[in-house]
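These notes are about the structure you will find just below.
Sequence lines set the chain letters: A, B, ... in the order given, protein chains first and strands last, and positions in each chain run from 1.
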There are 2 protein chains.
Amino acid sequence: MAMSLKQKPVFTGSNTCEIRPMEVYKDHGKVLVAVDCIIFGFDSKALKLLLFKRKVAPLKGHWSLIGAFINNELSLHKAAEKILFETTGLNNIFLEELQTYSKVDRDPGARVISVAFYSLIRLNELDLESVEKYDAHWFDFDQIPPLILDHGQMVQDAILKLRTKAIYNPVVFELLPHEFTIPQLQLIYECIHQKKLDNRNFRKKILAFNFLVKSDKKDKSGSKKGAFLYKFDKEKFKLFVAKGHRFEL
Amino acid sequence: MAMSLKQKPVFTGSNTCEIRPMEVYKDHGKVLVAVDCIIFGFDSKALKLLLFKRKVAPLKGHWSLIGAFINNELSLHKAAEKILFETTGLNNIFLEELQTYSKVDRDPGARVISVAFYSLIRLNELDLESVEKYDAHWFDFDQIPPLILDHGQMVQDAILKLRTKAIYNPVVFELLPHEFTIPQLQLIYECIHQKKLDNRNFRKKILAFNFLVKSDKKDKSGSKKGAFLYKFDKEKFKLFVAKGHRFEL
DNA sequence: GCAAAAGTGTTATCGCTACACCCATGT
DNA sequence: ACATGGGTGTAGCGATAACACTTTTGC
């Protein structure tokens with residue numbers, strides 16, 4: 001064996017590399033693995049989180065993240081994609097692994113290791129039928145109800161991750177419609193960083209990056225005057241990065 | 001059931017929350033879970049990676065990360081800590097989850113999901129006996145040999161993570177002795193970012209943060225003149241962050 | 001006509017970059 | 001005495017932050 005540890009039998013078996021028939025594997029850490037999804041959205045006023053109400057006992061009526069056990073047919077990422085598709089009707093959305101949750105007693109029913117993923121979706125593209133079928137509801141960040149197990153912790157971690165990620169990555173565009181206004185964009189950043197920004201400086205800075213493309217259409221939903229619509233140009237952003245620049249906001 | 005999906009049996013069971021006796025859980029994604037550790041060090045010249053040579057068939061003689069299957073007694077983080085302690089003799093070291101690796105066929109022997117952790121250690125504190133016992137060797141970043149399974153990918157991902165993390169987090173101090181010189185510190189950043197830095201500007205910037213504490217001792221290992229030793233003051237750093245400042249280098 | 005949000009420029013300050021020489025010491 | 005790496009200051013430039021008024025339009 002590559003590893004012959006002296007202590008508990010935990011690691012006595014082998015390291016991961018052991019390539020052997022199933023008999024060798026079977027004594028080791030066989031556990032259940034689940035995927036849980038933290039789903040973020042933005043409704044032009046506030047950042048929201050999609051939560052699900054359990055319809056059956058036990059814990060009927062409690063709020064939780066959506067999730068599922070995984071089997072042998074899909075990678076974790078694919079499994080998360082599938083869950084998201086089924087609950088939101090959306091494909092090709094921003095989806096990234098957050099981290100694992102593996103406290104031994106986190107699920108009283110069994111040893112379950114859960115891998116949390118967080119995703120950013122465009123509320124305007126959401127399939128309402130799918131959402132209703134799962135008895136899901138959107139919650140403001142500051143009004144998140146108690147969640148089962150360690151889902152509350154997952155949500156806190158995901159929010160923190162989103163905050164820090166948004167500083168150096170233009171992920172917020174995943175939360176906005178493909179066409180959006182500068183004031184909308186600014187509002188997202190204000191929600192995420194929880195402070196007011198100067199609108200003149202914000203405009204200047206974001207437009208100086210040169211990856212926003214102005215259209216000649218206006219969105220009048222936010223004001224009487226109406227605001228011009230812009231698109232985020234991914235290619236221009238990649239070029240920007242390729243030139244050695246760093247995005248930061 | 002909270003989820004009643006129509007497709008494959010993958011998710012038909014339940015979401016993670018299901019709290020039930022083992023019978024309910026047993027049909028679902030039972031897989032093996034392993035932990036693999038990417039161990040970084042710095043030898044005052046270059047960034048290094050600790051790799052392990054398999055002593056037994058199959059794949060005898062091949063290089064791999066150190067890892068182990070997990071059982072029901074430890075969280076993944078604790079499991080990784082244990083592996084690190086056994087192979088390096090070190091406790092309380094920087095250890096952070098990288099990500100999961102879960103491609104269905106990544107390990108031909110069984111369905112194994114691996115959770116990679118990366119750690120930063122101080123080479124001067126390393127227990128050489130432990131390391132030798134495991135037939136481990138340090139490799140330069142640009143001389144990493146082929147690794148088994150997807151360990152090569154893990155290493156690449158870890159290096160990238162370390163690079164991006166080091167820009168906004170003072171993690172490099174985890175790689176240096178508790179007392180170090182400014183030139184040593186600069187060298188680490190040069191290794192990580194792979195470019196030369198101006199020593200006057202570097203000094204100015206890092207000292208301006210005000211969380212390095214100068215001692216009156218000199219380290220003469222690097223030059224005849226000798227360079228003053230500094231300490232990283234974690235408390236001062238926390239204060240710096242608490243005041244709303246951002247570290248960036 | 002007024003309320004409500006969109007849009008626009010300038011100035012002062014700060015931080016970053018670029019750059020070259022003297023210092024201390026071991027050999 | 002010389003080779004080696006350690007340590008220091010300044011000036012110009014570019015980026016950021018602070019700040020207030022005009023425009024458009026639905027009601």
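Using a 4.0 Å heavy-atom cutoff across all strands shown, B/K220 reaches sugar-phosphate atoms only and no base atom.
Taking the centre of each ring, B/F247 and B/F209 come in below the 6.0 Å mark. Between B/F180 and B/F173, the ring center distance clears the sub-6.0 Å criterion.
Under 4.0 Å is where a charged nitrogen must lie from a carboxylate oxygen, and between B/R200 and B/D198 at least one such pair does.
The side chain of A/K204 lies closest to D/dA17, out of D/dG7, D/dA17, D/dG9. Checking C/dA4, D/dG6, C/dT8 against the side-chain heavy atoms of B/A227 singles out D/dG6 as nearest.
Distance, B/K196 NZ to C/dT17 P: 17 Å, rounded to whole Å. As rounded to whole Å, 6 Å separates atom C1' of C/dA24 from atom NZ of B/K218. Atoms CZ (B/F202) and P (D/dG9) sit 18 Å apart, rounded to a whole Å. One atom, CZ of A/F180, and another, C1' of C/dA5, lie 18 Å apart when rounded to the nearest Å. Rounded to whole angstrom, the span from the CD atom of A/Q186 across to the P atom of C/dA5 amounts to 13 Å. C/dA6 atom P lies 18 Å from atom NZ of A/K217, rounded to whole Å. Put simply, NZ on B/K205 is 10 Å from C1' on C/dT17, counting in whole angstrom units. Note: CD (B/E248) to P (D/dA15) measures 14 Å, nearest angstrom.
Comparing B/N201 and A/K224 by the nucleotide of DNA chain D that holds the closest heavy atom to each, the one mapping nearer the 5' end is B/N201. Mapping A/S223 and B/K214 onto DNA chain D by nearest heavy atom places B/K214 closer to the 5' end of the strand. Remark on DNA chain C: of its neighbouring residues A/G226 and A/D198, the 5'-side contact belongs to A/G226, judged by nearest-heavy-atom nucleotide.
Proximity of B/R200 to the phosphate of C/dA18: no side-chain N or O atom is located under 4.0 Å from OP1 or OP2.
Checked by atom type and distance alone, the side chain of A/D43 pairs as donor or acceptor with a backbone atom of A/K45 at under 3.5 Å. Within the 3.5 Å criterion, the main-chain N or O of A/I93 finds no donor-acceptor partner in the side chain of A/E174.
No hydrogens or angles were tested; on distance alone, a donor-acceptor pair under 3.5 Å links the side chain of A/K225 to the base of D/dT23.
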